[in-house]
Structure formats: structure tokens, C-alpha cells
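Structure record follows, encoded as C-alpha cells.
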Amino acid sequence: MSNSIKRIERLQFPWQTQDPFLFCAFHNDLYPKGNGQLGPSTGTSGRAIGSDFSGKDGWSMYHGDTVPGFPAHPHAGFETITIAEKGLVDHSDSLGAAGRFGNGDVQWMTAGAGVQHSEMFPLLKDDEDNPLLLFQIWLNLPKASKKVDAYFGMLWHEDIPFYHHTDDQGKKTSVKVICGELGDIKRYAPAPDSFAAQPDNHVAVWMIDMEANAEWTIPASSAEANRSLYLWSGDHIEIEGAEVPNMHVVKLNAEESTTIKNGNQSAKFLFLQGKPIGEPVATYGPFVMNSNMEIQEVMMEYQRTQFGGWPWPSHAHTHDPAKGRFAKHADGRVEERG
């Protein structure tokens, strides 16, 4: 049996990825009760307000002043996949689109030629804690797609399929298939110009849950694809005789199947796969292009147009606390999910 492991690495911050992905930001914030104004009831003293990544008391304000999160900022040349497993995110953008999503929902945004958006984390519950568990994955776009129109699509948790497996010992594994092919499930990106909208790019984004001592085999895919398995909750796993501790990533050979043997605790993973784009990558903060000259051009474009300007009353805009999950798209279409 050939070995499917290429490399095992300790996770950095942000998490390291392979082409076509750029990185993954992992947020696991144990926010306290809300203060009635969507901020923390315990106050924000002792924090570097405006840039608080301290993790003090188990949470950060990030770039938010009174509500945690990320006020208006630009993106261009790539995509964001925001997996909000716990807690809520208030999205507002320069296209006039908006949304509130979370507790299992996923937002897939193609920044393309450029968009401004804000991502705030409103602490809606005043009588109990407001934990946030969120993964934001940056997926690159090839040169031919870097100037496409910005777009965001919602994957509501009620609509995301799960793959279920029970091993010979009766231990269960479940896989939330956000994108990709697994068993009878075939899911591609909801954004039309996404790199992941094309099946032959073999993009997969999965959230995997394994019971203690469960065993499951990830099926083989294309030899062209890069494949990474992130263990972010649990004790340890074993793959082909190698022990992998928590908070590590295993880079795998995609043309080989990989059998995971879980340890004595339940385990949770993020799985990313995709055919590499294989083009030069030039980055400057929220801009990802192919050359430094293109970075200069997109920065000048942003300075000139603000990617459409900011139509909201605040750069840290939040939605009505009484509102449920919803998405208002740039074309006026509205989705209400309660």
C-alpha cells in the first residue's frame, strides 16, 4: 500500500494552505453575554481597540470598536469562503448587498474586480454567552477571472448536504459537503465565476466529524489536486501508522485514498482540495493579483472608485437585532431564513 502522506505540519496563524487556496483564518471566540448594543457586556478595557487580536479572556475584538469584527475593507482578485459554524455574522458591502448568517451557514463571495465589505460579529444574546466559531478560507482566482464582477452567494445550513459513514465497529463519521464530490453528493460553488464552479478543478471544502475511535477512508481524487486535512479539535489521529496531533495539517497525495483512525476523543477536521492554479501570486493585504504592477493598478482603482463607495451609515454596520438570518443581494433579491 502506498503512503498518501506528503507532509505533517503544525498549524500557523493564519492556517497555511496549498494552491489554489491562499490561507485560512480560524476564529474560535468565546464571547460573553451581549450588552444590549451588540457588544460585550464585560467591556473592552485592556484591549488595543481597533486592532485587538489578543484572545484575552478567550476572545478578540479584531478591528471592531464597540462590536467585534471587521469593519469595511476592500478585496480584489480572489474569493472568500466564510464558514460560520457558531455565532452570527452581519455582512454589508459596497454593492448594497447585505446579510446575517451563521450557526452552520456558509457565505461564498467572489471579490473579482473589487468589492468593499464589512463582517461584524453581533452579540445578540444578552442573557447567555455568544460563542463564535468561524473559518474564512481565501481561494485564489486565475488571471482570466480576476476582473469578474463581484458576487456573493449563500449556502444556508438547512440546504448543505451531509455524507454519513458507519464503520465496522459502529462508529460514525459525518461530512458536511460545502463543495466537492463525495458519494452521491456533487456540490459546486454558488458563485458563477468561482474557480470552484468548474468540476474539473476538483475543489472540495468539507467539515468532517468523527466519533471517538471511528475509522473512515477519504476516497482518491485527481492526481492534479492538492489536498490538505486540518485537525482542529480532538486528541490525535493515526494515518498509515503516523500519529497526527491536534492543531496540525496533513498534506496528502490526492490520487491515493487515505484512511483516518481517530483517537479516544471525537475529532473535527477541515478538508481542502483543489487543482493548483499554477500562476504567479502577488499580494498586498486584501489584494491578490499576478504581478506587483497589477497590485499598483488595483490599488489606484480602489482609491479612485472605492469599488462603488460605501452606502451604509457606518463602516461597522450591523443589522436590526430583531432580524433573523437573511441575505439581500445586489440585484434586489431577498432570502429570509429566520
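From a predicted model like this one, the values you see are computed outputs, not experimental measurements.
- Using bins of under 30°, 30° to 60° and over 60° for the plane-to-plane angle, the ring pair H27/Y62 lands in the perpendicular bin.
- Judged purely by atom type and a 3.5 angstrom limit, E240 uses its side chain to pair as donor or acceptor with the backbone of S4.
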Could you check V205 against I137 for side chain to side chain contact (heavy atoms under 4.5 Å, CB included), going step by step and ending with a plain yes or no? CA-CA 9 Å; V205 180; I137 301 153; 4.0 Å; yes
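- Atom CD of Q265 and atom CE of M210 lie 14.0 Å apart (nearest 0.5 Å).
- Distance alone, capped at 3.5 Å, is enough to place a donor-acceptor pair between the N253 side chain and the E255 backbone.
- Ring planes of W232 and F26: tilted class, angle from 30 to 60°.
- Checked against a 6.0 Å centroid threshold, the rings of W108 and Y151 do not count as neighbours.
- Although no hydrogens or angles enter the test, the distance criterion places a donor-acceptor pair under 3.5 Å between the side chain of W310 and the main chain of S314.
- Ring centroid separation for the pair F271 and Y230 does not come in under the 6.0 Å cut-off.
- Taking a 6.0 Å sphere around NZ of K86, one finds it holds 12 or fewer heavy atoms contributed by other residues, nucleotides or ligands.
- Counting non-hydrogen atoms of neighbouring residues, nucleotides and ligands closer than 6.0 angstrom, the CD atom of Q306 exceeds 12 such neighbours.
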Please report the C-alpha distance between S94 and V115 in whole Å, then the side-chain angles of each, then the deciding distance to 0.1 Å, and finally whether the side chain to side chain contact (heavy atoms under 4.5 Å, CB included) criterion is met. CA-CA 6 Å; S94 55; V115 67; 3.5 Å; yes
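- T80 and Q136 share no side-chain donor-acceptor pair at under 3.5 Å.
- Within a 6.0 Å radius of CG in D127, other residues, nucleotides and ligands contribute more than 12 heavy atoms.
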Evaluate the criterion salt bridge (Lys or Arg N to Asp or Glu O under 4.0 Å) for residue pair E85 and K176; output intermediate values, then yes/no. CA-CA 11 Å; E85 288 288 272; K176 182 177 182 176; 2.6 Å; yes
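- The structure places CD of E279 at 6.5 Å from CD1 of I277, a figure rounded to the nearest 0.5 Å.
- Open room surrounds CD on Q169; 12 or fewer heavy atoms of other groups in view lie less than 6.0 Å from it.
- Side-chain rings of H91 and F152 approach one another, their centers coming within less than 6.0 Å.
- The closest side-chain heavy-atom distance from F70 to F121 is below 4.5 Å.
- The backbone N or O of G112 lies less than 3.5 Å from no partner atom in the side chain of T110, so there is not a single donor-acceptor pair.
- The backbone N or O of I295 sits nowhere less than 3.5 Å from a side-chain atom of N292 that would complete a donor-acceptor pair.
- The heavy-atom pair separating P32 from P40 by the smallest distance is CG-CB, 3.8 Å.
- Taking a 4.5 Å side-chain heavy-atom cut-off between Ile, Leu, Val, Met, Phe, Trp and Tyr, the cluster of L38 extends to V67, L88, M120, L124.
- Between F162 and H157, the distance separating the two ring centers is not shorter than 6.0 angstrom.
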What's the verdict on ring pair (Phe, Tyr, Trp, His ring centres under 6.0 Å) for F326 and H319, showing C-alpha distance, side-chain angles and the deciding distance? CA-CA 10 Å; F326 78 97; H319 306 306; 5.1 Å; yes
Could you walk me through whether E238 and V244 pass side chain to side chain contact (heavy atoms under 4.5 Å, CB included), step by step? CA-CA 6 Å; E238 184 184 303; V244 181; over 6 Å; no
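- Put simply, the side chain of H73 gets close to the backbone of H117: a donor and an acceptor are under 3.5 Å apart.
- Under a cut-off of 6.0 angstrom, the local environment of NZ in K251 is crowded, with over 12 non-hydrogen atoms contributed by other residues, nucleotides or ligands.
- A heavy-atom distance below 4.5 Å is found between the side chains of M61 and I49.
- Considering only residues two or more places apart in sequence or on other chains, T44 meets the side-chain hydrogen bond (donor to acceptor under 3.5 Å, both in side chains) condition with none of them.
- Residues P74 and F307 come closest through the heavy atom pair CB-CE1, 3.9 Å.
- With respect to K33 and D126, no salt bridge is recorded, no charged nitrogen being found less than 4.0 Å from a carboxylate O.
- With salt bridges taken as basic N to acidic carboxylate O contacts below 4.0 Å, one links R325 and E158.
- One distance of note links CD1 of I218 with OG of S257; it measures 9.5 Å at 0.5 Å rounding.
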Would T259 and E215 satisfy side chain to side chain contact (heavy atoms under 4.5 Å, CB included), going step by step from the backbone distance to the final call? CA-CA 7 Å; T259 298; E215 187 171 314; 3.7 Å; yes
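- When every heavy atom of G77 is checked against every heavy atom of M289, the shortest pair comes out as CA-SD, 4.2 Å.
- Under the 6.0 Å cut-off for aromatic ring centres, H75 and Y302 do not qualify, their centroids lying 6.0 Å or more apart.
- A donor-acceptor contact shorter than 3.5 Å links the side chain of D331 to the backbone of R333.
- Counting non-hydrogen atoms of other residues, nucleotides and ligands closer than 6.0 Å to CG of D19 gives a total above 12.
- Within a 6.0 Å sphere centred on OH of Y284, other residues, nucleotides and ligands contribute 12 heavy atoms or fewer.
- Annotation: side chain of S194 is in contact with side chain of E79 (closest heavy-atom distance under 4.5 Å).
- A cation-pi arrangement is found for R47 relative to W59, the charged atom lying closer than 6.0 Å to the ring centre and inside a 45° cone about the ring normal.
- Residues that satisfy the side chain to side chain contact (heavy atoms under 4.5 Å, CB included) test with D320, not counting sequence neighbours, are A322, K323.
- With hydrogens and angles disregarded, a donor-acceptor distance shorter than 3.5 Å links the side chain of T17 to the backbone of F21.
- At distances below 3.5 Å, at least one donor-acceptor pair connects side-chain atoms of K146 with backbone N or O atoms of V288.
- Taking 4.5 Å as the limit, every side-chain heavy atom of V106 sits out of range of all side-chain heavy atoms of F101.
- At least one donor-acceptor pair closer than 3.5 Å links the side chain of D29 to the backbone N or O of S60.
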